[in-house]
Amino acid sequence: MTAKMQPRATRKHSVPRAKPSGKTRLPPHAAAVPRQDTDIYSFIDVFRAEPLARVRMIKAGLPADYLDQLARRMKMPKERLLPTLGIAPATVSRKVRQALPLSSDDSERALGMARLVGQVQAMVEESGDPEGFDAAQWLAQWMEEPLPSLGGARPSELMDTSEGQAMVSNALARMQSGAYA
């Protein structure tokens with residue numbers, strides 16, 4: 001584990017519980033991915049995390065209110081984000097109220113979206129001036145455009161499966177390299 005991926009704090013609870021302030025307490029497995037001051041997993045750190053760290057986070061389940069934070073950061077209504085990820089709004093609402101983690105499947109799709117935002121952020125950092133660039137907002141808008149490399153499908157139509165997310169990630173990588181996207 002690199003120094004960058006060291007935990008910021010040790011957590012004792014295996015099930016995340018909501019803080020009275022309404023902020024998310026990270027489950028113990030999430031300590032492998034540092035948090036930003038905005039109380040959301042750092043997108044770039046999720047993207048650069050070891051696959052095993054992401055698998056652990058997925059298996060333990062992300063806090064259900066992570067989806068609220070993700071939607072807010074992407075400047076995308078939660079009512080649009082949840083169907084894009086194939087996640088039932090009623091289930092999320094119940095889990096938020098009960099301070100329960102998302103299922104592994106829902107966690108995988110949510111973390112996959114965060115990883116894509118991190119990929120865009122890394123691309124901009126490597127390719128140009130990231131000052132003032134909002135990777136989360138850019139990705140939310142870009143996902144609504146049909147892509148020839150995806151058979152004319154919009155990336156948002158593929159975000160509800162890990163295979164679809166991999167296709168979107170590959171399309172982003174091809175854009176950076178200047179290949180057909």
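Count residues from 1 along the sequence.
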Enquirer: Decide whether Met57 and Val55 are clustered together by the hydrophobic rule: side chain heavy atoms of Ile, Leu, Val, Met, Phe, Trp, Tyr closer than 4.5 Å, transitively.
Expert: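 No: no chain of side-chain contacts under 4.5 Å links Met57 to Val55.
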Enquirer: Within the 4.5 Å heavy-atom criterion, are Val120 and Phe47 side-chain neighbours or not?
Expert: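 The answer is no, as the side chains (C-beta and beyond) never meet within the 4.5 Å cut-off.
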Enquirer: Measure across Ser107 and Gly61 and return the closest heavy-atom pair with its distance rounded to 0.1 Å.
Expert: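 Scanning both residues, the minimum pair turns out to be OG-CA, 3.2 Å.
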Enquirer: Can you confirm whether Glu108 sits close enough to Leu102 that some side-chain heavy atom of one is under 4.5 Å from a side-chain heavy atom of the other?
Expert: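 Result no, sub-4.5 Å side-chain heavy-atom pair not found.
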Enquirer: Roughly how far apart are Gln137 CD and Met76 CE, rounded to 0.5 Å?
Expert: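 Going from the CD atom of Gln137 to the CE atom of Met76 covers 10.5 Å.
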Enquirer: How many angstroms lie between CE in Met175 and CG in Asn170, if you round to the nearest 0.5 Å?
Expert: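 Rounded to the nearest 0.5 Å, the CE-CG separation comes out at 13.0 Å.
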Enquirer: Please name the pair of heavy atoms, one in Pro155 and one in Leu147, separated by the smallest distance, quoted to 0.1 Å.
Expert: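 Here Pro155 and Leu147 meet closest at CG-CD1, 3.7 Å.
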Enquirer: Using the rule that Ile, Leu, Val, Met, Phe, Trp and Tyr join whenever any side-chain heavy atoms are under 4.5 Å apart, tell me whether Met167 and Met123 fall into a single cluster.
Expert: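 Same hydrophobic cluster.
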Enquirer: Compare all side-chain heavy atoms of Tyr66 with those of Val92 and state whether any distance is below 4.5 angstrom.
Expert: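 Of all side-chain heavy-atom pairs linking Val92 with Tyr66, none is under 4.5 Å.
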Enquirer: To the nearest 0.5 Å, how far apart are OG in Ser162 and CG in Leu111?
Expert: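 Nearest 0.5 Å value for the OG-CG distance: 12.0 Å.
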Enquirer: Do Met113 and Leu81 make a side-chain contact, defined as non-hydrogen atoms from C-beta onward lying under 4.5 Å apart?
Expert: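 They are in contact (side-chain heavy atoms under 4.5 Å apart), so the answer is yes.
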Enquirer: Quick one: are Leu172 and Leu139 in side-chain contact, heavy atoms under 4.5 Å?
Expert: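 The answer is yes; the side chains approach within 4.5 Å.
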Enquirer: Just verifying a value: how many Å separate Gln165 CD and Glu163 CD, rounded to the nearest 0.5 Å?
Expert: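 Rounded to the nearest 0.5 Å, the CD-CD separation comes out at 10.5 Å.
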Enquirer: Quick one: closest heavy-atom pair of Leu100 and Ala64, and the distance?
Expert: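 Heavy atoms only, the tightest pair is O-CB, 3.5 Å.
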Enquirer: Is a donor on one side and an acceptor on the other found under 3.5 Å between the side chain of Arg109 and the backbone of Met159?
Expert: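 Absent.
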Enquirer: Please tell me whether Gln119 and Ser169 have a donor and an acceptor in their side chains that are separated by less than 3.5 angstrom.
Expert: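 Yes - a donor-acceptor pair under 3.5 Å links their side chains.
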Enquirer: Do you know which two heavy atoms are closest between Ala140 and Arg80, and how far apart they sit?
Expert: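 Heavy atoms only, the tightest pair is O-NH2, 3.4 Å.
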Enquirer: Does Ser156 reach the main-chain N or O of Glu144 with its side chain, forming a donor-acceptor pair under 3.5 Å?
Expert: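 No, Ser156 side chain to Glu144 backbone: no donor-acceptor pair under 3.5 Å.
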Enquirer: May I ask you to decide whether Asp106 forms a salt bridge with Lys95, counting only side-chain N to carboxylate O separations under 4.0 Å?
Expert: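 No, no charged N to carboxylate O under 4.0 Å.
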Enquirer: Which atoms form the tightest heavy-atom contact between Val117 and Met74, and what is the distance?
Expert: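 Heavy-atom minimum between the residues: CG2-CE, 4.4 Å.
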Enquirer: Taking all non-hydrogen atoms of both residues, which atom of Ala110 and which atom of Leu62 are closest, and how far apart?
Expert: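 Smallest interatomic distance, heavy atoms only, reads CB-CD1, 4.0 Å.
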Enquirer: Which distance, rounded to the nearest 0.5 Å, do you find between the OG of Ser42 and the CZ of Arg48?
Expert: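 Rounded to the nearest 0.5 Å, the OG-CZ separation comes out at 8.5 Å.
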Enquirer: Just how far is it from atom CD of Gln121 to atom CZ of Arg115, taken to the nearest 0.5 Å?
Expert: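 Nearest 0.5 Å value for the CD-CZ distance: 13.5 Å.
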Enquirer: I'd like to know if Asp68 and Lys78 make a salt bridge, using a cut-off of under 4.0 Å between side-chain N and carboxylate O.
Expert: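 Judged by the 4.0 Å cut-off on N to carboxylate O distance, Asp68 and Lys78 do form a salt bridge.
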